[in-house]
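Order of appearance sets the numbers: ligands from 1, and atoms from 1 within every ligand. Only this structure's heavy atoms are used, side chains among them; waters, hydrogens and symmetry mates stay out.
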Amino acid sequence: MRRLDRETVDRIAAGEVVTRPARVVEELLENALDAGADRVEVAVTGGGTERIRVDDDGRGMSEDEATLAVERHTTSKLPEGDLRAVETLGFRGEALASIADVATLTLTTNDGGPRGTRVRVEDGEVTVDTTGRGRGTTVEVTDLFHNRPARRESLAAPATEFERISDRVAAYALLRPEVAVTLDHDGRRTFATPGSGSVADAALAVYDREVARESTTLGAETGVAVDDREVSVEVRGLLAYPSITRASTDHVRVAINGRPVAMPDLRRAIERGYGSLLPGDRHPVAALSVSLPARAVDPNVHPTKERVALRAADAVADAVEEAAADALSTADLRRSADVAMDLEAALDPVETAPSVLGDVDVIGQFRDSYVLCAAGDGDELLVVDQHAAHERINYERLRSAVAASDVPSRRLDPPATLSLSPDAAAAVEAHADDLSALGFDAAPFGGGAVRVRAVPAPLGRVADPESLRDALAGLREGEAPDGRDALLADLACHPSLKAGDDLSDEAAAALVERLGACDRPFACPHGRPTVLAIDEEHLARGFDRHPRRG
Ligand code: ADP
Ligand code: MG
C-alpha cells in the first residue's frame, strides 16, 4: 500500500465519490472483489444512511495497511502508478477516505495472521485496535451524510434509495457470477447468488425462475482491430428471450472487464441483437460481460467510473450485437407453458429439434384462436396462437419483399396531418432520405405539425399515416438497418388473421408449416410468443401419472 504521488493524483479523473448510499455500496463491493473475495455479503438498513455493511472473505489487510487505507490517495492497486494498465476495479485510493468524511466508518480486517485489526473513523478521528476475526474484511458505514444536511435532504425516500442499492448489487451479482453475492435489507434476505460461475444460477437468484428458464446463455469470442492489431473480445452472459421484457432499460446490463458500466452504446448494441423480436417500446433483460485486453480500455474517464473509454468502441459494439443476435437466432424461443397445475416446472427449456414444426400434426383448433398440434414423437402438445403466427409470417414476407429496394408507396389525397413533438418534427427533416426510402413523403410545416403526402404500401398493404411515428422512432434510435422493422411489424399486424377466425384443418396445417419456415418462428414481430409447448411430462405429473418411457 502506498500514497500516490501528486502527479498521479492529478491525472486521476476524481470527482465527488459519495453522492448517495448506492455509491458507498458500489465502492465497498468493488474493494471486496478486488481483494479476490469468493463471497460478499451486503446488508443495508433503511435507505442506507442508517447502516451499510459489506463483509468479504478476500485477502484482508495487515494493521499497517488498514491504517493507511482510510487515508486519501492511498492504494495498493497502482504498483507503478501506471493508469493505462489498471486491471482492478479501484485505483484512485479515495473511496474509503471519502466515505469516512461523510459517515462513521469501521473497518475490521485480517490478512490471515493470528489477530485482526479494527480501524474506526468518526468525526475525523482515527482509532486503531486489535480484534478477533478470520481472513477477510468487513466495512460498516453508519450515519451517512450526518454532517451533510443538504446532501441528506436531496436523497429520495428510503425505499427508492434501497432500490438503487439493490440494482447495483444485482449488477455485480449477475456480471460476476463466480462470486457468491448476498443482499439483506432490514434483516431480510433480498437475494443470494450461489457463486457457481453460472450466470443462469445468478439470474435465478436475482430475478426469478421465469427469467432463468426463459433465457439463453452465451459465450462468444471474436477478434477486433485496435490500432492495427487484432485483439480478442470475449462476450459472455445471459439473454432473456423476448417473451420477457421490461418497460425500462435498467435490466440491460453490461460489464467491461468485470466492471458494470452504464454505456448506452453497448446497451443499444444488445438491443439491436434482438432485432425485430422485441416489441418497439419494450426492453430486454440481459447481462453481458465483455472482456478485452486492459490496454484497449481506459477506465479513468469518469468520476464514478460508470463509463470507460474503449479503443475501437464501434467494433466492440458490433461484436456485442453479433454475439447477441447469434445466440438468439439459435436459441429455442418457444415458451414452455407453465400450465396452471402447480407443477414443479423444470428449469431447462424442453429439449426439442429445431425442425419441430415440420412434422407436427394438427389435431384441432380451440376457441377459433389456437391451433393445437402434436409434436416431437407425439409427446409434446404445441399451442399455436394463430394471430401471432400469422403476423410473424406476414412480417417476414413483407420484409423480404422490401429487402433490397425502396418500399413502394401510395399518395394520399388529401394529405394527412400529424402533430408531433417539435424535436420529432425536426427529425422528419433530418431523416428525409431514409423516410422516403421507406415510402413516406412527409415534411414539417411548423409548430410540430407534419404533412404526410405519401405512405408505404408494400404488397398492397397501405400503411396508416400514424405509422410514421414508429418508423421515425426506429430511425432516431438508430435501429438497424433503417427503421423498417418497426414499420413492417405494424403493417404485418393489421390485416393478419384475427383470433376468432375459423380455420380448416388444411389451412391450420399450412399456417403452422409456414410459421416453421420463418427465420424467427417463435415470436411475433412485436416479440410476443407464437407457440407454447407443453410436454407430456407436464401433463403426466399434473395427473399424478408416471410419464411413459421410450
Ligand atoms: P482503491 O480501491 O482505489 O485502491 P480505496 O479507498 O477504495 O481505494 O481502498 C484503499 C485500499 O484499501 C485499497 O487499495 C486496498 O488495498 C485496501 N482495501 C480496501 N477495501 C479492502 C477489502 N475489502 N479487502 C482488502 N483490502 C481492501
Ligand atoms: Mg476502492
pair Val179-Asp38: side-chain heavy atoms closer than 4.5 Å: no
Any protein N or O within less than 3.5 Å of an N or O in ligand 1? List each pair with its distance, or say none.
{"residue": "ligand 1", "atom": "2 (O)", "partner": "Asn31", "partner atom": "OD1", "Å": "2.9"}
{"residue": "ligand 1", "atom": "2 (O)", "partner": "Lys77", "partner atom": "NZ", "Å": "2.7"}
{"residue": "ligand 1", "atom": "3 (O)", "partner": "Phe91", "partner atom": "N", "Å": "3.0"}
{"residue": "ligand 1", "atom": "3 (O)", "partner": "Arg92", "partner atom": "N", "Å": "2.9"}
{"residue": "ligand 1", "atom": "3 (O)", "partner": "Gly93", "partner atom": "N", "Å": "2.7"}
{"residue": "ligand 1", "atom": "4 (O)", "partner": "Thr75", "partner atom": "OG1", "Å": "2.5"}
{"residue": "ligand 1", "atom": "6 (O)", "partner": "Ala95", "partner atom": "N", "Å": "3.1"}
{"residue": "ligand 1", "atom": "6 (O)", "partner": "Leu96", "partner atom": "N", "Å": "3.0"}
{"residue": "ligand 1", "atom": "7 (O)", "partner": "Asn31", "partner atom": "OD1", "Å": "3.0"}
{"residue": "ligand 1", "atom": "7 (O)", "partner": "Asn31", "partner atom": "ND2", "Å": "2.8"}
{"residue": "ligand 1", "atom": "8 (O)", "partner": "Gly93", "partner atom": "N", "Å": "3.4"}
{"residue": "ligand 1", "atom": "14 (O)", "partner": "Thr75", "partner atom": "OG1", "Å": "3.2"}
{"residue": "ligand 1", "atom": "14 (O)", "partner": "Ser76", "partner atom": "N", "Å": "2.9"}
{"residue": "ligand 1", "atom": "14 (O)", "partner": "Ser76", "partner atom": "OG", "Å": "3.2"}
{"residue": "ligand 1", "atom": "16 (O)", "partner": "Ser76", "partner atom": "OG", "Å": "2.5"}
{"residue": "ligand 1", "atom": "20 (N)", "partner": "Asn31", "partner atom": "ND2", "Å": "3.4"}
{"residue": "ligand 1", "atom": "23 (N)", "partner": "Asp56", "partner atom": "OD2", "Å": "2.9"}
{"residue": "ligand 1", "atom": "24 (N)", "partner": "Thr137", "partner atom": "OG1", "Å": "3.2"}

Side-chain donor-acceptor contact under 3.5 Å, [X] with [Y]:
{"X": "Ser421", "Y": "Asp423", "answer": "yes"}
{"X": "Thr245", "Y": "Arg282", "answer": "yes"}
{"X": "Ser62", "Y": "Asp111", "answer": "no"}
{"X": "Arg189", "Y": "Thr182", "answer": "no"}

- prompt: Within the distance-only criterion (no hydrogens, no angle test), does the side chain of Thr222 pair as donor or acceptor with the backbone N or O of Ala319 below 3.5 angstrom?
  reply: no
